[in-house]
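Okay, so here's the structure we're looking at.
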Amino acid sequence: MFYRENGQFKTSYAADQQIFGVAQDRWAIVLVLAFAFLAIPFIASDYTFQAILIPFVIMSLAALGLNILVGYCGQISLGTAAFMAVGAYAAYNLQARIEGMPLLVALIGGGLVAMVFGIFFGLPSLRIRGLYLAVATLAAQFFVDWLATRAAWVTNNSSSGSVSAKPLAIAGWAIDTPMEKYLLCLALLCVLGLAAKNLVRSSVGREWMAMRDMDVAAAVIGIRPTYAKLSAFAVSSFIVGVAGALWGFVHLGAWEPAAFSLDRSLQLLFMIIIGGLGSIVGSIFGAAFFVLLPLLLNQVPHWLGLPLSTATATYLEHMIFGALIVFFLIVEPHGLAKLWATARQKLRVWPFPH
Amino acid sequence: MGFFLETLFGGLMVGTLYALIAIGFVLIFKASGVFNFAQGAMVLFSALTMARFSQWIPGWLGMEPGWLGNLLAIIVTLALMVVVAWLIERLALRHLVNQEPITLLMATLGIAYLLDGLGPMIFGSEVYKIDVGMPKDPIFIMDGLIPGGVMISLEDLYAACIAAVLVICLSIFFQKTKTGRALRAVADDHQAAQSIGIPLSRIWVIVWSVAGGVALVVGIIWGSKLGVQYSLSLVALKALPVVILGGLTSLPGAIIGGLIIGVGEKLSEVYIGPMVGGGIETWFAYGLALCFLLVRPQGLFGDKIIDRV
């Protein structure tokens, strides 16, 4: 009843093309952002920041990057964690080798190196697709795992194979409390999320989607497959690389190659399947779901007085995710984002069903 | 020379085991067009079931663990794998008929996660032993030719023979029987097969059951060699490059591909590995598969060219 568009007339192209066309959506997003930036820093505890909010924000960013590749361009990737690792190690090397390297430049540099790497491993996609491409991206995963453990220059000759980031600071602002770390990640998520949203609305995004829906037809109407696919790989791995650098620098602080294992790649794929393939907001839903479910599994039996052992909770988590993947693929291939869109549509026409 | 041959034979034996897992992949792909990522999870699940029941059944019946207990455990496990196949068809595949291959691939990833959680939850997560009386002693051959001879594990030799028998049986099944031909029709085109009256659901249950059986064979061999543990389901990741190399639809291709990768992996680890810091075993297979994808995407024995873009 509050979600009405009556009387909201669009009188210019700019008004017609804005991201949030309905006034209520604009207020809602402003409220959400205000809450995330202004309210949460005051109400959340350090534990909440470290255990829930920071991983959630960084994983959202990584899922967003993967969603561009898989959801929008239809190129499956099982090597996302490898691109995260490249971003993290590249950012680490930039900071370790160049004196006085600003944090933001290092993070973006990590993203750029991951982008080059992504384009390189995206080259096979020009000739193969589907499950063959999945094998090619798995090759990236195993290769990076190996490189990070064996090649000394990747870890700047650290003896144990694990590396640690320097204290974080941007232009004199020392980022040392969990709250500040959260704000840094959130700001980056907002900037990159907005950029991604605008990209997928633009001609580039439409090329990706045409490629995904039917590549031969897309080529016939004049979309260059090389350009479309490689640009999707580039943008996707850039975002994933930045997310990886954040994961290493901000969330973990010190990390070793195991932090970016195959398991992480699969988790990210599951996030976007559950959240919604081909949807920006879906990536965020998926990451939220993924961070919250283990917590619920730990807490709910505890409240009910039936504490699960850690091992059982892990297995249960595996099973629930597995079952949910199959469930979503069958019942709602567009994931939570589609459920959200349906709910909005219902609200819009309420009280009429159609 | 002796060392080279030992490495070579070691590679061949590892290769047969990769090949056995790859057969499971090929089987399901050949018969239903689904790229089954859950094969590794099925190997782990069947091996766990087998390991546990071969201990439980003698306990329940109050007899000594021996071949009878193992046989009963194998029968129970096979029955369970048929149930699993039936459930997978009922709950997942039935609803995904005529979907894109990528959707099916992701669905099998979900099934893999489900089985990986279910197995250890029911059967516990320690390292279990499977003992089906495979001989453990190594034998030495070519004593006269090379000083000291070349060591071969008899266990590996048995595994290779089992693999060969399995492939021959499956090839005959696919080529000569009515069901086998129906399976190949389904793989070509779900819709067309359905429209000429091939019962898709029954075919899928059959083929997933057979794949479950193959998984059990792999599980028993690996399990009696290394013990049943979570890493079993990761070994299956080696089977992916094997099937790419051998061709997705070819059973002999899976064997040859497995052997090539097994040998290549061991030889490169020993002879090239030291130059780059070792451990290239982890990605050698994938690198090889990647090169192959660029040159000959249908694999060595694949019978159709995949759709180029």
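Below, chains carry the letters A, B, ... as their sequence lines are ordered, and counting in each starts from 1. Just so it is clear, the structure is predicted and the values come from calculations on it, not from any experiment.
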Checking heavy atoms, do the side chain of B:I111, its backbone, both or neither come under 4.5 Å from chain A?
-> both

Hey, could you give me the CE/CG distance between B:M121 and A:L316, rounded to the nearest 0.5 Å?
-> 4.5 Å

Residues B:L240, A:L138; criterion side-chain contact (heavy atoms from CB on, under 4.5 Å); working and verdict = CA-CA 10 Å; B:L240 280 171; A:L138 265 179; 3.4 Å; yes

To the nearest 0.5 Å, what is the distance between CZ (A:F142) and CZ (B:F284)?
-> 15.0 Å

Decide if atom OH of A:Y227 counts as having more than 12 heavy atoms of other residues, nucleotides or ligands within a radius under 6.0 Å.
-> no

What is the minimum heavy-atom distance between A:V135 and B:A289, and which atoms define it?
-> CG1-CB, 4.5 Å

Closest approach of A:L329 and B:M106, non-hydrogen atoms and distance?
-> CD1-C, 3.7 Å

Using a cut-off of under 4.5 Å on heavy-atom pairs, state which of A:F270, A:F321, A:F327 scores highest against chain B.
-> A:F270

Among A:L123, A:V70, A:I330, residue most engaged with chain B (heavy-atom pairs, under 4.5 Å) | A:I330

When only pairs under 4.5 Å are counted, which of A:D145, A:I76, A:L324 shares the most heavy-atom pairs with chain B?
-> A:I76

Would you check if B:L91 and A:V326 make a side-chain contact, meaning some heavy-atom pair closer than 4.5 Å?
-> no

Which pair of heavy atoms, one from A:Y315 and one from B:G117, lies closest together, and at what distance?
-> CB-O, 3.5 Å

Exercise: identify the closest heavy-atom pair between A:A134 and B:L105 = CB-CD2, 4.4 Å

Nearest 0.5 Å, what's the NE2-CG distance between A:H318 and B:D116?
-> 5.5 Å

Quick one: ring pair (Phe, Tyr, Trp, His ring centres under 6.0 Å) partners of B:Y18, sequence neighbours excluded?
-> none

OH/B:Y128: more than 12 non-hydrogen atoms of other groups inside 6.0 Å | yes

Does some side-chain heavy atom of A:I320 sit less than 4.5 Å from a side-chain heavy atom of B:Y113?
-> no

Check A:F121 against B:L290 and note the closest heavy-atom contact, atom names and distance.
-> CE2-CD2, 4.3 Å

Dump the intermediate steps for side-chain contact (heavy atoms from CB on, under 4.5 Å) on B:W283 and A:V144, then the final yes or no.
-> CA-CA 9 Å; B:W283 58 269; A:V144 170; over 6 Å; no

Between A:A323 and B:L114, which heavy-atom pair has the shortest distance, and what is it?
-> N-CD1, 3.8 Å

Taking side chain as C-beta onward, heavy atoms only, is A:I325 less than 4.5 Å from B:L109?
-> no

Within a reach of under 6.0 Å around CZ of B:R94, are more than 12 heavy atoms found that belong to other residues, nucleotides or ligands?
-> yes

